[in-house]
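Remarks on the structure that follows.
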Amino acid sequence: MSDVELAVIGAGPAGLAAAREASSRGVAVTIVDDNPMPGGQYFRQAASDSLRRIAGNIFDESARGASLLGTVEHARVDYRPDSCALGFFESELSVVSGGRVTTFTPRCTVIAAGCTERPTPFPGWTLPGVIGAGSAQNLMKSQRVVPGKRILVGGNGPLNLLTASNLVRLGATVVAVVEAARDRQAWGRIPGLLIEPTILLRGLGYRARLMMAGVPFHSAHVVVEARGTDRVEEARIAPIGPTGKVDFARSRTLGVDTIVWGFGLVPATEKTRALGCQHVYQARKGGWMPARSALMETTRHNVFSVGDCAGIAGVEKALLEGRLAGLVAAQRLGRASDTDARRLNARLRARLVRLERFRHAIEAVYAPGLDTLSLVGEDTIVCRCEDVVAADLRAALNEGVSEANSLKAISRVSMGRCQGRNCLTTVAALIAEARGCRLDEVALPTPRPPMRPVNIGSLVADPKI
Amino acid sequence: MDDGKARGAPVRIIIDGEPWTAYAGETVAGALLAGERAHFRRTPARGQPRGYYYGMGVCWECALVVDGRPNVRACLTYVADGMRVETQDGDGPRGSLE
């Protein structure tokens with residue numbers, strides 16, 4: 001067991017910003033991250049020097065973030081890549097790296113665990129060739145690989161636009177972009193969008209690039225089926241009516257080999273949930289997220305949560321929140337003077353308020369206006385690990401099962417190795433549908449250690465697990 | 001996007017018995033997808049085809065057999081000379097969760 005001043009979970013934008021702020025003030029920081037290189041998803045680096053030179057001008061995020069990425073080289077930073085936080089035991093944090101478990105007792109903890117893609121099932125979504133939008137981004141950034149020859153980008157949210165634009169820039173044929181939100185929703189939001197002209201221009205640039213490449217853009221449409229034998233061969237798309245109903249009768253079929261599918265992101269809350277922090281539900285920010293003070297502190301003393309794991313809001317917000325938490329942690333550890341901290345704190349928070357107003361406009365522009373459960377057919381797989389289909393879950397719910405833990409026991413839903421990350425949001429929606437209640441009234445199962453599947457050999461040395 | 005050579009040093013791997021050229025720094029998933037192979041495994045429960053999906057180590061959809069070990073995530077595993085990659089059927093040859 002070893003004492004550390006500040007443990008940072010996650011080496012993405014928020015975690016690195018926290019680590020940099022704290023270490024620059026003299027705090028000894030341990031960063032735990034499950035990737036081989038720092039940067040998280042946004043600053044994801046090419047996996048080799050040769051790959052970095054391919055299309056380096058397109059994927060310049062990691063170059064722009066170079067000084068932040070350099071945080072891991074700092075003398076006071078103990079950076080642990082390929083490591084994963086397994087669990088929390090009172091004030092101890094267990095981390096597995098290189099097949100060995102280490103236990104820390106951090107005085108302050110910053111959780112910057114990021115997010116996962118919102119699993120949004122539709123018939124055929126498990127076919128090879130249907131991949132997540134973030135995952136397509138990852139493939140392009142780290143491998144400089146495009147996932148197919150004829151690609152449809154579908155779903156909801158700004159990430160799809162960026163992904164489609166990048167696919168075009170790398171030379172892929174994007175057959176269509178299919179967006180659930182209605183284009184005209186943007187008009188009334190222009191004042192809000194103009195708060196951050198740089199971010200707005202970036203977004204318009206993606207759209208312009210798609211137009212110039214002649215990519216058809218279908219607003220208020222959604223993918224209703226993927227068809228194929230051993231991989232995607234066709235995508236069926238349909239318009240969404242003004243009341244949010246999918247007009248299946250007016251569907252049409254496009255020949256594609258890949259569907260890049262993204263329907264927003266979900267904060268990764270398993271760590272704050274395992275720590276017993278209180279959570280609040282905000283649909284527009286991705287669902288459940290830890291309740292926090294203005295200082296980014298959760299309901300547990302000296303445990304902070306920053307970036308997308310505390311509400312989906314993009315990289316700029318993640319950087320600011322990380323910095324703020326790093327500053328507050330330094331102050332708690334006696335490494336920042338109160339006046340100094342107060343001044344910077346006020347500046348960071350003013351900037352966060354502005355970003356939040358911009359974000360509010362973006363959320364309104366992309367409000368999908370569609371109940372995604374209407375895409376789920378009886379035979380649609382909900383739990384990808386255990387191949388549990390919607391009909392099995394709906395039948396159990398009709399027989400009176402009313403909460404996630406019992407549903408797990410009956411159907412094996414969420415009991416596979418993804419530990420529910422592929423299905424729990426859908427399970428919650430099905431429960432809410434059956435009970436006629438709101439999503440925030442459905443409790444999710446408590447995550448238990450190990451929070452990631454781990455080789456049993458790594459655990460036998462640690463009697464606590 | 002590129003002519004192959006620019007990708008770096010070639011790495012010889014074997015996929016389902018066939019020789020395959022990958023490049024240093026590629027993951028098994030990257031190498032397969034660059035070669036237009038999307039089908040990585042069949043599920044234990046219903047024998048359905050699956051492939052690369054979320055690409056960050058959490059979804060396990062890309063799990064396949066590497067050098068005889070089943071349930072290796074293609075999205076996290078880097079190619080190495082002589083590596084044998086096989087598509088996985090169900091729980092794989094030993095049925096163990098690595």
Side-chain angles (χ1 to χ4, degrees), chain A residues 34-36 41 46-55 82 84 114 116-117 119 126-132 134-139 142-149 170-172 228-232 257-258 268 381 384-389 412 416-419 421-422 452-453 455-456, chain B residues 1-11 22-64 69 71-79 87 90-91 96-98:
Chain A
D34 58 4
N35 286 286
Q41 302 303 325
S48 76
D49 287 335
S50 306
L51 293 173
R52 186 168 299 127
R53 284 191 287 270
I54 300 172
D82 292 314
C84 124
T116 50
E117 301 198 45
T126 55
L127 268 178
V130 179
I131 77 171
S135 122
Q137 279 281 91
N138 181 343
L139 200 60
S142 78
Q143 306 277 296
R144 303 298 199 249
V145 165
V146 294
K149 287 263 179 276
L170 284 190
T229 314
D230 275 343
R231 77 165 297 158
V232 173
D257 62 12
T258 303
I381 285 175
R384 302 175 74 112
C385 296
E386 301 289 334
D387 277 351
V388 181
V389 299
R412 292 197 58 78
R417 50 199 176 180
C418 86
Q419 299 174 290
R421 290 177 181 88
N422 288 336
R452 292 284 168 92
N455 196 313
I456 197 82
Chain B
M1 169 171 34
D2 56 73
D3 62 0
K5 282 199 189 79
R7 298 186 70 77
V11 174
Y23 297 91
E26 284 183 350
T27 58
V28 172
L32 286 169
L33 290 169
E36 291 173 53
R37 277 187 74 138
H39 177 197
F40 287 21
R41 68 178 182 109
R42 285 189 184 279
T43 58
R46 291 175 192 247
Q48 292 202 346
R50 296 289 166 81
Y52 180 84
Y53 178 52
Y54 278 171
M56 48 189 267
V58 300
C59 81
W60 289 84
E61 289 288 56
C62 66
L64 36 64
R69 275 171 54 210
N71 301 309
V72 176
R73 284 168 288 181
C75 70
L76 298 183
T77 307
Y78 290 94
V79 294
T87 45
D91 289 325
S96 69
L97 186 69
E98 195 70 33

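For clarity, every value in this text was computed on a predicted model and none was experimentally measured. Every chain is numbered from 1 and lettered A, B, ... according to where its sequence line falls, protein lines coming before strand lines.
- For the side chain to side chain donor-acceptor pair (under 3.5 Å) test, no residue two or more places apart in sequence or in another chain qualifies with R46(B).
- When atom types are taken as modelled, the side chain of R417(A) and the backbone of N71(B) share no donor-acceptor pair closer than 3.5 angstrom.
- One distance of note links CD1 of I54(A) with OH of Y23(B); it measures 9.5 Å at 0.5 Å rounding.
- Residues V145(A) and R7(B) meet the side-chain proximity criterion, which asks for heavy atoms closer than 4.5 Å.
- When all heavy atoms of L33(B) and P147(A) are compared, the pair lying nearest together is CD2-O, 4.5 Å.
- Across P128(A) and A38(B), no two heavy atoms sit closer than the pair CB-O, 3.3 Å.
- The two atoms that bring C418(A) and C59(B) nearest to each other are CB-O, 3.9 Å, heavy atoms only.
- If you measure heavy-atom distances from Y78(B) to chain A, the contacts under 4.5 Å come from the side chain alone.
- Heavy atoms of T229(A) lying under 4.5 Å from chain B belong exclusively to its backbone.
- For a residue to count as touching a neighbouring chain, one of its non-hydrogen atoms must lie under 4.5 Å from one of that chain's; by this rule A24(B) touches chain A with the backbone only.
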**OP:** For the pair N422(A) and W60(B), evaluate side chain to side chain contact (heavy atoms under 4.5 Å, CB included) and give the outcome as yes or no after the intermediate values.
**Re:** CA-CA 10 Å; N422(A) 288 336; W60(B) 289 84; over 6 Å; no
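- With a 4.5 Å cut-off on non-hydrogen atoms, P119(A) touches chain B through its backbone and its side chain both.
- Residues S50(A) and G8(B) come closest through the heavy atom pair OG-CA, 3.3 Å.
- Between D230(A) and R37(B) there is no salt bridge, since no side-chain nitrogen of the basic residue lies less than 4.0 Å from a carboxylate oxygen of the acidic one.
- When each of R412(A), Q137(A), K149(A), R52(A) is checked for heavy-atom pairs under 4.5 Å with chain B, K149(A) comes out on top.
- Neither the backbone nor the side chain of Q419(A) comes within contact range of chain B; no heavy atoms are under 4.5 Å apart.
- The structure places OG1 of T126(A) at 5.0 Å from CD of Q48(B), a figure rounded to the nearest 0.5 Å.
- The two residues Y53(B) and S135(A) make their nearest non-hydrogen contact at O-OG, 2.7 Å.
- Between the Q143(A) side chain and the G25(B) main chain, a donor and an acceptor come within less than 3.5 Å of each other.
- Of the listed residues (V58(B), L76(B), L32(B)), the one with the most heavy-atom contacts under 4.5 Å to chain A is V58(B).
- One distance of note links CD of E36(B) with CG of D257(A); it measures 7.0 Å at 0.5 Å rounding.
- The contact between R231(A) and chain B is made entirely by side chain atoms (from C-beta outward), counting heavy-atom distances below 4.5 Å.
- Only the backbone of E386(A) comes within less than 4.5 Å of a heavy atom of chain B; no side-chain atom from C-beta onward does.
- Put simply, the side chain of E61(B) does not reach to within 4.5 Å of the side chain of I131(A), judged on heavy atoms.
- Taking R41(B), E26(B), R50(B), R42(B) one by one and counting their heavy-atom pairs under 4.5 Å with chain A, the maximum is reached by R50(B).
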